[in-house]
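One structure is given below, encoded as structure tokens.
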Amino acid sequence: MLNDDFHVAIIMDGNGRWAKAKGLARTAGHLKGSDNVRNIAIAASELGVTHLTLYAFSTENWKRAKDEVNYIMKLPGVFFEKYMDEFIERGYRMNIIGKLDELPKKTYDVLIDAMEKSKDNTGLVLTICMNYGSQMELINAAEAYARDVKEGKAELPLTNEVFESYLMTKGLPMVDLLIRTSGEQRISNYLLYQIAYAELVFCEEAWPEFDKEVLKRCLDEYNKRDRRFGGVKNV
Ligand code: IPE
Ligand code: IPE
Ligand code: MG
């Protein structure tokens with residue numbers, strides 16, 4: 001059984017390798033991967049996930065070839081053009097986090113528009129991390145808090161609750177389950193604070209081939225785990 005508020009975060013990895021294995025360009029993997037965001041949002045919602053947070057582009061991904069980066073930057077436009085109406089119909093609330101002001105203006109506008117159009121929805125909270133990096137997020141939060149203390153708007157000592165309100169994930173519950181696709185077992189600067197007590201599940205499937213069955217398998221694995229949060233289970 002999942003909690004009432006169940007937060008799944010996914011590192012959507014393996015688009016490039018998936019495409020290469022099929023003799024396609026890496027960009028073909030990104031296109032297929034972005035379409036899969038729609039399928040997995042629906043699957044997750046049907047399986048009882050209330051919050052789904054997806055890693056789409058990291059603050060380190062700018063290191064990639066210009067053509068690949070440019071292609072990824074155009075995907076939100078293509079994606080929301082195809083699926084926004086359906087998301088609204090399904091009651092999903094779009095939440096985009098990351099350093100959005102560094103994105104191309106067109107991409108920025110599309111993302112803001114998606115949030116604006118869905119802000120009153122009460123269904124699945126679908127958070128897309130775009131130009132997101134956890135270290136950047138934590139440093140920005142520390143800076144903003146220090147500034148507020150200096151200006152008399154915040155006080156010491158700092159509590160978890162107050163610190164969390166300075167994070168980009170403000171308002172989201174802590175992550176229950178973190179999934180990484182395509183066989184890599186690392187965190188790659190994702191939600192370092194928010195995964196403090198998350199269960200980690202790694203699967204071999206690349207993101208474009210991650211489907212409802214694989215998601216179900218990950219949730220089954222989660223259900224077998226014994227979460228103790230530092231305590232001792234009564235036996
Ligand atoms: C994930 O797939 C998408 C992004 C990081 C933007 P990758 O592009 O990292 O695919 P691999 O890991 O190279 O196969
Ligand atoms: C993590 O994947 C970032 C996203 C999925 C957006 P990467 O492919 O960038 O991670 P590394 O470089 O293999 O650690
Ligand atoms: Mg990768």
Side-chain angles (χ1 to χ4, degrees), residues 7-41 43-44 49 51-80 82-83 94-100 102-104 106-108 110-111 114 126-139 167-169 172 175 177-195 198 200-211 214-215 218:
H7 187 178
V8 174
I10 307 183
I11 302 174
M12 308 186 288
D13 198 17
N15 290 349
R17 278 165 287 162
W18 176 87
K20 197 177 169 213
K22 290 195 143 25
L24 302 170
R26 291 180 59 83
T27 48
H30 294 312
L31 179 61
K32 178 87 172 153
S34 82
D35 280 333
N36 205 30
V37 166
R38 176 238 172 215
N39 301 338
I40 295 305
V49 173
H51 296 77
L52 179 66
T53 300
L54 303 173
Y55 206 2
F57 190 85
S58 77
T59 45
E60 287 73 37
N61 286 147
W62 296 102
K63 293 175 191 162
R64 297 184 177 202
K66 226 178 165 175
D67 284 355
E68 182 174 344
V69 170
N70 288 343
Y71 187 86
I72 294 171
M73 289 302 149
K74 292 205 178 97
L75 279 176
V78 177
F79 178 79
F80 285 117
K82 275 198 243 177
Y83 302 124
M94 299 305 309
N95 179 35
I96 321 287
I97 62 170
K99 259 193 150 237
L100 303 188
E102 289 176 359
L103 298 172
K106 260 192 168 166
T107 314
Y108 176 88
V110 163
L111 297 173
L126 178 55
T127 301
I128 309 273
C129 304
M130 190 76 190
N131 194 20
Y132 172 86
S134 189
Q135 291 179 337
M136 170 275 292
E137 176 190 37
L138 291 167
I139 287 168
L167 296 176
M168 290 173 166
T169 51
L172 300 181
V175 175
L177 167 63
L178 173 70
I179 299 170
R180 183 170 187 146
T181 62
S182 89
E184 307 295 348
Q185 301 196 359
R186 55 177 170 267
I187 304 299
S188 302
N189 201 13
Y190 195 41
L191 302 172
L192 298 176
Y193 179 97
Q194 297 86 343
I195 60 168
L200 311 182
V201 172
F202 300 98
C203 71
E204 289 302 318
E205 287 81 358
W207 174 251
E209 60 193 3
F210 184 93
D211 60 12
V214 187
L215 176 61
C218 295

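Because the structure is predicted, anything quoted here is derived from the model rather than measured. Whatever order the structure lists them in is the order used to number ligands and atoms, beginning at 1.
Atom CD of Glu184 has more than 12 neighbouring heavy atoms from other residues, nucleotides or ligands inside a 6.0 Å radius.
Residue contact check: Ala56 has heavy atoms under 4.0 Å from atoms 6 (C) of ligand 1. Counting atoms of ligand 2 from 1 in the listed order, those under 4.0 Å from a heavy atom of Asp13 are 2 (O), 8 (O). Numbered from 1 in the order shown, with element, the atoms of ligand 2 that lie under 4.0 Å from a heavy atom of Arg186 read 11 (P), 13 (O), 14 (O). Annotation for ligand 1: atoms under 4.0 Å from non-hydrogen atoms of Ile72 are 6 (C). Interface atoms of ligand 2 facing Arg64, defined by a heavy-atom separation under 4.0 Å, are 7 (P), 8 (O), 9 (O).
In this structure, the separation between CD on Gln194 and CE on Met168 is 10.5 Å, given to the nearest 0.5 Å.
Neither the backbone nor the side chain of Met130 has any atom closer than 4.0 Å to an atom of ligand 2 (non-hydrogen atoms only). When non-hydrogen atoms are compared, ligand 2 lies under 4.0 Å from neither the backbone nor the side chain of Cys129. Contacts between Phe57 and ligand 2 below 4.0 angstrom, taking non-hydrogen atoms only, involve the backbone exclusively.
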Self-check item: Met94 vs Ile128, side chain to side chain contact (heavy atoms under 4.5 Å, CB included): CA-CA, chis, key distance, verdict
Solution: CA-CA 8 Å; Met94 299 305 309; Ile128 309 273; 4.0 Å; yes
Exercise. For side chain to side chain contact (heavy atoms under 4.5 Å, CB included), just list the numbers for Cys218 and Val201, CA-CA rounded to whole Å, side-chain angles, deciding distance to a tenth of an Å, and then say yes or no.
Key: CA-CA 7 Å; Cys218 295; Val201 172; 3.9 Å; yes
Exercise. Go through Glu205 and Trp18 one step at a time and tell me if the side chain to side chain contact (heavy atoms under 4.5 Å, CB included) criterion holds.
Key: CA-CA 9 Å; Glu205 287 81 358; Trp18 176 87; over 6 Å; no
Practice problem: Could you go through the side chain to side chain contact (heavy atoms under 4.5 Å, CB included) check for Ile11 and Leu178 one step at a time? | Solution: CA-CA 8 Å; Ile11 302 174; Leu178 173 70; 4.1 Å; yes
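For atom 2 (O) of ligand 1, the nearest non-hydrogen atom of the protein is Asn15 N, 3.2 Å. The closest protein non-hydrogen atom to atom 9 (O) of ligand 2 is Asn61 ND2, 2.9 Å. Closest to atom 11 (P) of ligand 1, if we only count protein heavy atoms, is Arg17 NE, 3.5 Å. Atom 10 (O) of ligand 1 has its closest protein heavy atom at Gly16 N, 2.9 Å.
Relative ring orientation between Tyr55 and Tyr190 is described as parallel, the plane-to-plane angle staying below 30° on a 0-90° scale split at 30° and 60°.
For Asp13, the N, O or S atom with the smallest separation from the Mg ion (ligand 3) is OD1.
Between Arg180 and ligand 2, an N or O atom pair is found at a separation short of 3.5 Å.
Assignment of Met12 to the shell around ligand 2 is supported, since a heavy atom sits closer than 4.0 Å. Contact between Gly14 and ligand 1 is present, with at least one heavy atom of the residue lying under 4.0 Å from the ligand. The shell of residues lying under 4.0 angstrom from ligand 1, judged by heavy atoms, includes Arg26. Ligand 2 lies nowhere less than 4.0 angstrom from a heavy atom belonging to Lys63.
Remark: the Tyr83 side chain and the Asp35 side chain contain an N/O donor-acceptor pair separated by less than 3.5 Å.
At distances below 3.5 Å, not a single donor-acceptor pair connects side-chain atoms of Asp13 with backbone N or O atoms of Arg180.
The two atoms that bring Thr59 and Met136 nearest to each other are CG2-CE, 3.9 Å, heavy atoms only.
No salt bridge links Glu209 with Lys22; every basic N to acidic carboxylate O contact stays at or beyond 4.0 Å.
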